[in-house]
Amino acid sequence: MERRSRKLGFVVPVLVIALVAFIGGQAAPKIIPPSWVLGHKPLDFESLNDTYDLLERKFDGKLDQTKVIDGARAGVVGSAGDPYTVYQDAKEAKDLRDQLSGTLSGIGAEIGIKNNKLTVISPIAGAPAEKAGLRVGDYIAGIDKKDSSAYTLDEAVAKIRGKGGTKVTLTVVRGSSQPIEITITRAVINVPSVTWSMKEGSIGYIKISTFGDDTTEKMKIAAGELKSQGAKSIILDVRNDPGGYLHVAVDVVSQFVPEGKVVVDERHNGRSQQKLTSEGGGLLEGLPVVVLINGGSASASEIVAGALRDNIKAKLVGEKSFGKGSVQDIVKLEGGAQLKITVAHWFTPSGKGIDRVGIKPDIEVKQTLEDFSAGRDPQLNRALQELKK
């Protein structure tokens, strides 16, 4: 894929599940060589057809061939055993396009697999999930009274999301406490990908909620406005940001880092495939930076945090990040479906892998539920203290 292809570093969200990418803007015809040329054993399609024939003859009901094909595709892809390598139908593809454009319909939270459990990565501020009491790190044990372990990640997401005004009940385990049931009314949610303001005189504050379609443009606007208002240092807040487009992460880093510096090293089977570098020319080059991270900071957020620490010695403040170190390519299929494939794992410029382990902050500061409920933000306060030095 070309440099600006839409690779994704993204934790699967509750609100949307499919991902979109284009190869040169449209699908090009391909000639597929025989399996023996590719070096792998051909699939036994005869046994698959036998299974379908048996089902068709004996099943007491009607079969929808579209659903049969979708199910077969999903089964093949699911056999990889990777929660981020998935097949998505046309509706799921549209859902993610809506999210990356900033328009969501659901409960307003992102989920992923953590320690083999369905886990809340980040509730969106002010969204139904947060208002109902869902918190970062909550284990979702049940969805509408059914055991969540019975679902794949995609299936769980499909069960939780839905139209505004409808309800879903989640069985939640928080730490070692007893399970509690939280009923959430879904809603249509509009989330700006970038917001910014000035803090305490000359400190600029930028919050990125997702690395989406408009993030690069809004990041440039934020940088320009903060510079014009006299910003001498920057707090970059990627807490509870589940990620997004890989090229957007590079664009964000380029606002701070000189041209030609490594942002991320993509490796396939342990070997470096390509190193994405900063484009330079950013308005925030040379300014001291503190990056805020927590357990909801994933993938593209972690790429940015690692690149800024390695390249310009930015300090990371907060809590250990989520730990998603893989990169997905998306292949568009007929009928609007998508195939998302993990094609590489990424490493920071200094060569550190973070998959399943996350990035540790330079300065650990926790934000407790009591802090959250009282409107206190000790992580932001510590970032301000560091920059005042």
Side-chain angles (χ1 to χ4, degrees), residues 8-21 43 48 51-52 55 63-64 66-99 104-107 109-122 129 134 137-162 166 168-173 179 184 186 242-243 296 298-299 322-333 335-343 345 355-356:
L8 287 158
F10 205 53
V11 169
V12 178
V14 163
L15 302 170
V16 269
I17 170 79
L19 305 169
V20 62
L43 290 175
L48 184 61
T51 302
Y52 175 69
L55 179 65
L63 295 176
D64 183 327
T66 298
K67 291 183 179 179
V68 170
I69 293 172
D70 279 343
R73 286 172 165 172
V76 169
V77 177
S79 69
D82 174 17
Y84 303 112
T85 296
V86 293
Y87 168 80
Q88 296 126 351
D89 62 27
K91 182 181 182 302
E92 292 167 341
K94 181 182 180 301
D95 284 344
L96 186 62
R97 287 196 297 271
D98 289 344
Q99 177 180 352
L104 313 174
S105 179
I107 68 170
E110 327 290 343
I111 66 170
I113 299 297
K114 188 87 169 179
N115 299 323
N116 296 318
K117 293 182 178 180
L118 193 66
T119 304
V120 176
I121 308 306
S122 58
L134 213 60
D138 284 349
Y139 160 46
I140 301 175
I143 304 169
D144 285 333
K145 309 288 187 180
K146 294 186 178 180
D147 184 359
S148 67
S149 65
Y151 303 123
T152 66
L153 184 55
D154 286 0
E155 289 168 343
V157 168
K159 296 289 183 184
I160 296 172
R161 70 177 181 227
T166 62
V168 62
T169 298
L170 304 180
T171 303
V172 172
V173 178
I184 306 171
R186 304 176 179 101
S299 205
F322 179 75
K324 180 188 178 284
S326 59
V327 179
Q328 286 71 44
D329 267 355
I330 309 303
V331 180
K332 188 175 181 180
L333 304 175
Q338 317 278 355
L339 181 60
K340 178 166 71 86
I341 308 171
T342 295
V343 294
H345 284 75
D355 199 42
R356 302 185 183 185

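Worth saying up front: this structure is predicted, and the values here are computed from it rather than measured. Start at 1 with the first residue, then count along the sequence.
With Asp144 contributing its side chain and Thr169 its backbone, the two residues share a donor-acceptor pair below 3.5 Å. Arg186 places a side-chain N or O within donor-acceptor distance of the main-chain N or O of Ile160, the cut-off being under 3.5 Å. A distance-only check finds no donor-acceptor pair linking the side chain of Ser79 to the backbone of Val77 [under 3.5 Å]. Using modelled atom types, no side-chain atom of Ser326 and backbone atom of His345 make a donor-acceptor pair closer than 3.5 Å.
Not counting sequence neighbours, Thr51 has no partner by the side-chain hydrogen bond (donor to acceptor under 3.5 Å, both in side chains) test. Residues passing the side-chain hydrogen bond (donor to acceptor under 3.5 Å, both in side chains) test with Asp355: none are found, sequence neighbours excluded. Residues satisfying the side chain to side chain contact (heavy atoms under 4.5 Å, CB included) test with Asp147, not counting sequence neighbours, are Ser149. Under the side chain to side chain contact (heavy atoms under 4.5 Å, CB included) criterion, Val76 pairs with no residue, sequence neighbours left out. Here Lys145 pairs with Glu181 under the salt bridge (charged side-chain N to carboxylate O under 4.0 Å, His left out) rule; sequence neighbours left out. Applying the side-chain hydrogen bond (donor to acceptor under 3.5 Å, both in side chains) rule to Tyr87 yields the partners Asp70, Arg73; only residues at least two apart in sequence or on another chain are considered.
The two residues Ala109 and Ala129 come nearest to each other via the heavy atoms CB-CB, 3.8 Å. The heavy-atom pair separating Ser148 from Ile140 by the smallest distance is OG-O, 2.6 Å. Shown here for Ala298 and Phe322, the closest heavy-atom pair between the two residues is CB-CB, 3.7 Å. Counting all heavy atoms, side chain and backbone alike, Leu333 lies closest to Gln338 at CD1-C, 4.3 Å.
The CD1 atom of Ile111 sits 5.5 Å away from the CG atom of Leu153 when rounded to the nearest 0.5 Å. Rounding to the nearest 0.5 angstrom, the gap separating the CG atom in Asp89 from the NZ atom in Lys67 is 10.5 Å. Considering OG1 of Thr152 and CD1 of Ile113, their distance stands at 8.5 Å, rounded to 0.5 Å.
None of Val120, Leu134, Leu118 except one satisfies the side-chain contact (heavy atoms from CB on, under 4.5 Å) rule with Leu170; the exception is Leu134.
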What do the steps show when you test Tyr151 against Lys146 for side-chain contact (heavy atoms from CB on, under 4.5 Å), and what is the final call?
CA-CA 9 Å; Tyr151 303 123; Lys146 294 186 178 180; 3.4 Å; yes
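In this structure, Tyr52 and Val68 have side chains that are in contact, with non-hydrogen atoms separated by less than 4.5 Å. Using a 4.5 Å heavy-atom threshold, the side chains of Leu63 and Leu55 count as touching. When side chains are defined from C-beta on, Thr119 does not count as touching Asp138, because their heavy atoms never get closer than 4.5 Å.
Both tests hold for Lys324 against Tyr84: distance to the six-membered ring centre under 6.0 Å, angle to the ring axis within 45°.
Surrounding CG of Asp64 are more than 12 heavy atoms belonging to other residues, nucleotides or ligands, all under 6.0 Å away. Heavy-atom contacts from other residues, nucleotides or ligands closer than 6.0 Å to NZ of Lys159 number 12 or fewer.
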